[in-house]
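Scroll down for the structure; my scribbles are underneath it.
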Amino acid sequence: MVVMLTTLVVTLGSALRSYRGVEVGYDADRVAVVVPDYEAAEYGPQRMLELGAQLAAALERYPIVEGTALWRETVQEYPPRPEADVVYEGAPDGLTMRERLYRYHEVSPSYFRTLGIAVVRGRGFTEGDDAGAPPVVVVNESAARVWWPGQDPIGRRLKLGRDAPWLTVVGLVEDVQGTHHLARMVAAGLAARAQPPRPVLFRPLAQGGDPPPGWRNSGGCLGCEGVVIAARAAREPARVTALMRAEIRRLDPRLPVLEAGTLLERQLGDPLARELRFNRRLASAGSVVALLLALLGIYGVVADAVRRRTREIGIRIALGARPRQVLAGVAREGLLAAAGGALLGVLAVVALRGPVHRFLLHGDYAALGTGVTDAGALAVATAALLALALLASWAGARRATRVDPVEALRCE
């Protein structure tokens, strides 16, 4: 039991580290974000953008800030399904509904640079992509691979709705997940199922306005986050987060902050990350209890063996056996018992690892933290158990060195 629980603790810890390292396509640990509580201050969409621009300008004066960006969170509505009415110019015939799925983001021109998203072809957005300019869009590699396989996506057009205007693709960026709370969980699930990232569409904030059918923007709707302000930290993201809070208080003292921290911290608070941490704590507590019970059991077995063998030990001492020899002989028996239990524990871990992972990580995420790490976890857990078993056996066997041979023989 000790080996099983300790291995589970190490494996869950490895799963959490693997979850932190899931590739999301941007520098989540270096980008600090702040989301004010717009509803509390009754901010409308335009006022959100104005505050974001003011805050970004204030933050860029600090040397610790390498860049700033704004984006508007969007929420998908069901029904209608937004993918149903999209028109892709030059796309293969018969695209399935799943192949039409996409994620929609409205971002500032500095978004890709600030988040560290590489532009593979074409260009990102510029200040010239305003409301009076031709409508443009940037897509990720998965979108190009699904909608225009084997073709150059630059210059292709699409419509987000039958009656919507044509949008021209001006840039292709590397595959990237969303910046929302569940982005890392979605990426982990896709990676575990060996599925590629989903298509993503980026629109300039200045050309946003009304979202496409099936989406609603975050302009004051209940539960929406509105415009997110981000800053790329040259060092110490926590300091940048504190600066962002201070600047918001300066710009509008009545505006509370709903959320502040790095994108990584934002995503490590999602349901899967919380579940991993809870399971690890639960397994850790179980390991401690099982270890204490094992130590007490070993000590009790050795002490009982000494009591039952008092006459034998007394005779050995009377015949000249040294205390060290008696101690080693009795302790060896306790250690052998612990080694047998550890072997059974290792075999149980090997047999039950798959079902336990599937139960704790819901199947899709069972690949997180598994593999060669389990062998190391088994070795560490077994070595720790045997070391503590040796200590408990030694403590119990010390009673044997205090046996008085005269008293032992008189009792017989």
Side-chain angles (χ1 to χ4, degrees), residues 16-17 19-41 43 47-74 105-119 124-127 173-174 176-185 187 202 204-205 218 224-270 273-274 277:
L16 188 57
R17 288 192 300 273
Y19 187 67
R20 290 173 63 94
V22 167
E23 182 57 52
V24 289
Y26 48 82
D27 298 330
D29 57 337
R30 292 188 57 189
V31 178
V33 296
V34 64
V35 182
D37 190 350
Y38 295 113
E39 279 195 304
Y43 270 48
R47 183 69 185 97
M48 294 181 194
L49 291 174
E50 292 173 358
L51 175 76
Q54 293 171 351
L55 179 56
L59 291 171
E60 288 175 355
R61 296 197 298 264
Y62 295 98
I64 196 175
V65 176
E66 292 184 342
T68 59
L70 309 176
W71 65 85
R72 181 156 38 210
E73 296 284 353
T74 53
H105 301 284
E106 297 173 358
V107 304
S108 66
S110 56
Y111 175 86
F112 302 114
R113 182 180 68 255
T114 299
L115 270 69
I117 300 173
V119 178
F125 299 132
T126 68
E127 297 296 339
V173 298
E174 62 183 347
V176 58
Q177 296 291 339
T179 52
H180 51 84
H181 296 83
L182 302 180
R184 194 166 299 268
M185 183 170 70
F202 298 94
L205 262 175
S218 311
C224 298
E225 295 174 328
V227 173
V228 179
I229 304 106
R232 184 181 182 86
R235 61 186 185 280
E236 301 179 68
R239 280 189 57 195
V240 175
T241 301
L243 288 175
M244 298 171 83
R245 286 181 176 273
E247 288 295 338
I248 287 182
R249 285 195 299 269
R250 183 183 63 82
L251 291 171
D252 189 349
R254 70 187 182 90
L255 181 63
V257 173
L258 188 65
E259 180 182 352
T262 64
L263 283 170
L264 179 60
E265 292 167 343
R266 189 183 203 203
Q267 292 159 2
L268 290 181
D270 72 33
R274 289 198 301 269
R277 284 193 291 268

Atom pairs and distances, donor-acceptor, side-chain atoms in residues 50-63, under 3.5 Å, two or more places apart:
residue, atom, partner, partner atom, Å
E60, OE2, T68, OG1, 2.6
Y62, OH, E247, OE2, 2.6

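- Checked against side-chain hydrogen bond (donor to acceptor under 3.5 Å, both in side chains), S110 has the following partners two or more places apart in sequence or in another chain: S108.
- Between F202 and Y111, the angle of the ring planes lies from 30° to 60°, which puts this pair in the tilted group.
- Between the CZ atom of R249 and the CG atom of L255 there is a distance of 11.5 Å, given to the nearest 0.5 Å.
- Between atom OH of residue Y38 and atom CE of residue M48 there is a gap of 6.5 Å, rounded to the nearest 0.5 Å.
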Evaluate the criterion side chain to side chain contact (heavy atoms under 4.5 Å, CB included) for residue pair V257 and V35; output intermediate values, then yes/no.
CA-CA 6 Å; V257 173; V35 182; over 6 Å; no
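- Listed by first then second residue, pairs satisfying ring-ring contact (aromatic ring centres under 6.0 Å, His included) with a partner in residues 227-246 number zero, not counting sequence neighbours.
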Worked check of side chain to side chain contact (heavy atoms under 4.5 Å, CB included) between T262 and D29
CA-CA 6 Å; T262 64; D29 57 337; 5.7 Å; no
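- If you take CZ on F125 and CZ on R113, they are separated by 13.5 Å, rounding to the nearest 0.5 Å.
- For D37, the side-chain hydrogen bond (donor to acceptor under 3.5 Å, both in side chains) criterion is met by no residue, not counting sequence neighbours.
- Contact annotation: the side chain of V107 never approaches that of L70 to less than 4.5 Å [non-hydrogen atoms, C-beta and beyond].
- Put simply, CZ on R72 and CG on L49 are 5.0 Å apart, with the number rounded to the nearest 0.5 Å.
- Residues passing the side-chain contact (heavy atoms from CB on, under 4.5 Å) test with A242: none are found, sequence neighbours excluded.
- Looking only at side-chain heavy atoms (C-beta outward), V227 and W71 stay at 4.5 Å or farther from each other.
- Looking at every heavy atom in both residues, A260 comes nearest to T241 through CB-CG2, 3.7 Å.
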Show me, pair by pair, the donor-acceptor contacts under 3.5 angstrom made by side chains of residues 228-240, not counting sequence neighbours?
residue, atom, partner, partner atom, Å
R232, NE, E66, OE1, 3.3
R232, NH1, D27, OD2, 2.9
R232, NH1, T114, O, 3.0
R232, NH2, D27, OD2, 2.6

